[in-house]
Amino acid sequence: MNAPTTPVLAVRDLDVVYALGGGQAMRAVDRVGFEIAHGETLALVGESGCGKSSVAKAVMQLAPLAGGAIELEGQPLARLDARALQRLRRRFQMIFQDPISSLNPQRTVREILEFPLRVNGLFDPVASARRIRETLEIVGLDSESVLGRHPHEFSGGQCQRISIARALILEPVLLVCDEPVSALDVSVQAQVINLLTDLQAEFGIAYLFVAHDLAVVRHISHRVAVMYLGKIVEIAGRDTLFSTPLHPYTEILLSAVPVPDPRVRTQRRLLKGDPPNPAAPPSGCRFHTRCPMAQARCAEEEPVLEQKTAGQWVACHFR
């Protein structure tokens with residue numbers, strides 16, 4: 001059987017704007033575009049405030065679209081009415097950063113996993129009970145020991161497994177993962193990342209993976225998109241990006257990744273200056289106020305995201 005050619009997710013010229021009051025607005029996401037294929041993981045990385053979580057929320061229809069389009073398996077989400085979007089929503093689910101607060105503390109695990117089935121008109125007492133048990137086993141939890149318990153009775157890692165089970169119960173084609181392991185201990189992070197990798201291999205799920213931990217990104221992603229102040233400045237395959245980054249911002253980010261071998265000496269490069277105000281970004285290239293390569297052209301002309309090598313796109317005048 002041939003693999004589907006239509007991407008699971010296509011984001012085109014996405015704009016997300018937040019009202020600040022007093023007639024002011026902040027463009028958190030500015031003409032961002034990318035695609036994710038079936039069974040692929042695209043990681044969105046960048047420092048806090050770069051807009052990566054706003055992209056994730058826009059994909060989930062939780063943030064307002066000021067422009068552009070988001071398509072799930074070829075269907076433009078913005079054109080769907082509330083009922084049609086509700087029917088399609090089972091195809092794309094979200095895993096949140098804080099696993100404990102993302103679960104209703106008043107519901108048992110059984111009720112938490114039944115709820116999405118009930119909301120989507122898929123609940124059947126016998127079939128759903130079997131499906132819930134199977135899904136819990138898939139994420140590494142013993143169904144008999146957890147079904148009647150509440151979220152506060154579990155560790156953070158166990159709660160995240162329950163959150164993943166809640167997302168899987170609807171058999172989605174896309175999971176939007178917003179910093180899904182950043183609130184967990186390092187040892188538990190590895191377990192959850194390995195679980196997500198195994199689930200993708202078994203079910204062919206696509207991931208939009210929002211993260212700031214580049215070591216995690218290197219382990220789980222197929223491609224990486226680097227964001228700075230609302231724009232993608234570089235997008236490439238994982239191995240290409242980590243071995244030969246082209247954008248100066250990407251180079252600085254990667255220089256901060258710890259190397260586990262103490263015999264390897266690395267030169268860490270620090271960003272100069274403070275991040276600009278997102279509500280009033282710099283002219284031209286938004287990174288020019290902090291870029292070690294900046295020239296006069298950078299303050300006057302915004303660089304276009306262009307293909308520089310096979311599969312590697314960069315927005316920089318001098319790369």
Side-chain angles (χ1 to χ4, degrees), residues 7-18 26-36 40-70 72 77 92-98 102 174-184 189 192-193 196 206-238 241-242 245 247-254 256-257 271 275-279 281 285-287 290 305 313-315:
V8 170
L9 180 69
V11 175
R12 310 190 193 285
D13 295 325
L14 176 65
D15 292 333
V16 176
V17 178
Y18 296 112
M26 180 183 70
R27 188 174 295 273
V29 178
D30 189 355
R31 290 175 291 172
V32 162
F34 56 83
E35 293 183 351
I36 303 178
E40 181 186 33
T41 298
L42 174 70
L44 273 183
V45 304
E47 59 192 328
S48 297
C50 71
K52 54 188 187 294
S53 288
S54 290
V55 172
K57 291 176 181 176
V59 169
M60 293 302 303
Q61 305 296 287
L62 300 176
L65 271 67
I70 298 173
L72 185 76
L77 299 184
F92 61 115
Q93 294 290 301
M94 191 166 189
I95 302 172
F96 296 90
Q97 179 175 0
D98 187 342
S102 72
L174 172 70
L175 286 182
V176 176
C177 308
D178 189 6
E179 302 270 10
V181 298
S182 63
L184 305 177
Q189 286 184 11
V192 172
I193 290 299
L196 290 172
Y207 297 146
L208 174 60
F209 195 92
V210 175
H212 67 274
D213 189 332
L214 292 174
V216 170
V217 166
R218 188 169 194 170
H219 184 78
I220 196 172
S221 65
H222 296 100
R223 290 187 300 131
V224 183
V226 181
M227 290 190 67
Y228 182 80
L229 215 62
K231 302 186 78 70
I232 290 179
V233 297
E234 183 166 1
I235 184 167
R238 174 197 59 198
L241 187 116
F242 277 88
H247 196 281
Y249 179 62
T250 308
E251 292 176 338
I252 293 172
L253 282 183
L254 293 181
V257 178
L271 284 170
N277 181 359
C285 175
R286 298 187 176 190
F287 186 57
R290 308 171 75 189
L305 191 65
W313 298 71
V314 183

Minimal heavy-atom distance between V217 and R238, with the atoms involved, is O-CD, 4.4 Å

Rounded to the nearest 0.5 angstrom, the CG-CZ distance for L44 and R223 is 10.0 Å

So R31 and D15, salt bridge (Lys or Arg N to Asp or Glu O under 4.0 Å) or not? Walk me through it.
-> CA-CA 5 Å; R31 290 175 291 172; D15 292 333; 5.4 Å; no

Looking only at heavy atoms, the pair that brings Q189 and L184 closest together is NE2-O, 3.1 Å

Checking L214, I232, L253 against V226 for side chain to side chain contact (heavy atoms under 4.5 Å, CB included), the one that qualifies is L253

* Judged by atom type as modelled, is there a donor-acceptor pair below 3.5 Å linking the side chain of H222 to the main-chain atoms of T41? -> yes

Between V224 and L42, is any pair of side-chain heavy atoms under 4.5 Å apart? no

Next on the checklist: One thing to verify: whether D30 and K231 come together as a salt bridge, which I'm taking to mean a side-chain N less than 4.0 angstrom from a carboxylate O.
Outcome noted: yes

(Q) Is there a side-chain contact between L241 and T250 in this structure, where contact means two heavy atoms from C-beta onward sitting under 4.5 Å apart? (A) yes

One should read off an interatomic distance between L196 CG and I220 CD1, to the nearest 0.5 angstrom, of 5.0 Å

So CD1 of I193 and SG of C177: to nearest 0.5 Å the spacing works out to 8.0 Å

Does a side-chain heavy-atom distance below 4.5 Å link F92 with L77? yes

* Measure from the side-chain N and O atoms of K52 to the backbone N and O of G46, and report whether any donor-acceptor pair falls under 3.5 Å. => yes

Quick one: are L65 and I70 in side-chain contact, heavy atoms under 4.5 Å?
yes

Output for pair (E40 CD, L208 CG), nearest 0.5 Å, gives 10.5 Å

Side chain to side chain, Q97 and V181, heavy atoms closer than 4.5 Å = no

Minimal heavy-atom distance between V11 and V32, with the atoms involved, is CG1-O, 3.5 Å

Quiz prompt | Contact check, side chains of F34 and L9, non-hydrogen atoms, under 4.5 Å | solution = yes

Heavy-atom nearest pair, V16 first then A63, reads CG1-CB, 4.3 Å

* Would you say the side chains of E179 and H212 form a donor-acceptor pair under 3.5 Å? -> yes

Closest non-hydrogen contact found for A56 with V210 is CB-CG2, 3.9 Å

| request: Would you please classify the geometry between the Y228 ring and the F287 ring as parallel, tilted or perpendicular, with 30° and 60° separating the classes? | output: perpendicular

In short, C50 meets V45 closest at the heavy-atom pair SG-O, 4.4 Å

Exercise. Hey, mind stepping through M94 and D178 against side-chain contact (heavy atoms from CB on, under 4.5 Å) and telling me if it holds?
Worked result: CA-CA 8 Å; M94 191 166 189; D178 189 6; 3.7 Å; yes

The reported gap from CD in Q93 to CG in L174 (rounded to nearest 0.5 angstrom) is 9.5 Å

(Q) Salt bridge or not between R290 and E47? Use side-chain N to carboxylate O under 4.0 Å. (A) yes

Validation row: M26, N277 side chains within 4.5 angstrom (heavy atoms): no

Output for pair (F96 CZ, D98 CG), nearest 0.5 Å, gives 11.0 Å

Check your understanding: Is it the case that S54 and Y18 place a side-chain donor and acceptor less than 3.5 Å from each other?
Key -> yes

> Going by heavy atoms in the side chains, are F209 and S221 under 4.5 Å from each other?
Replying inline: no

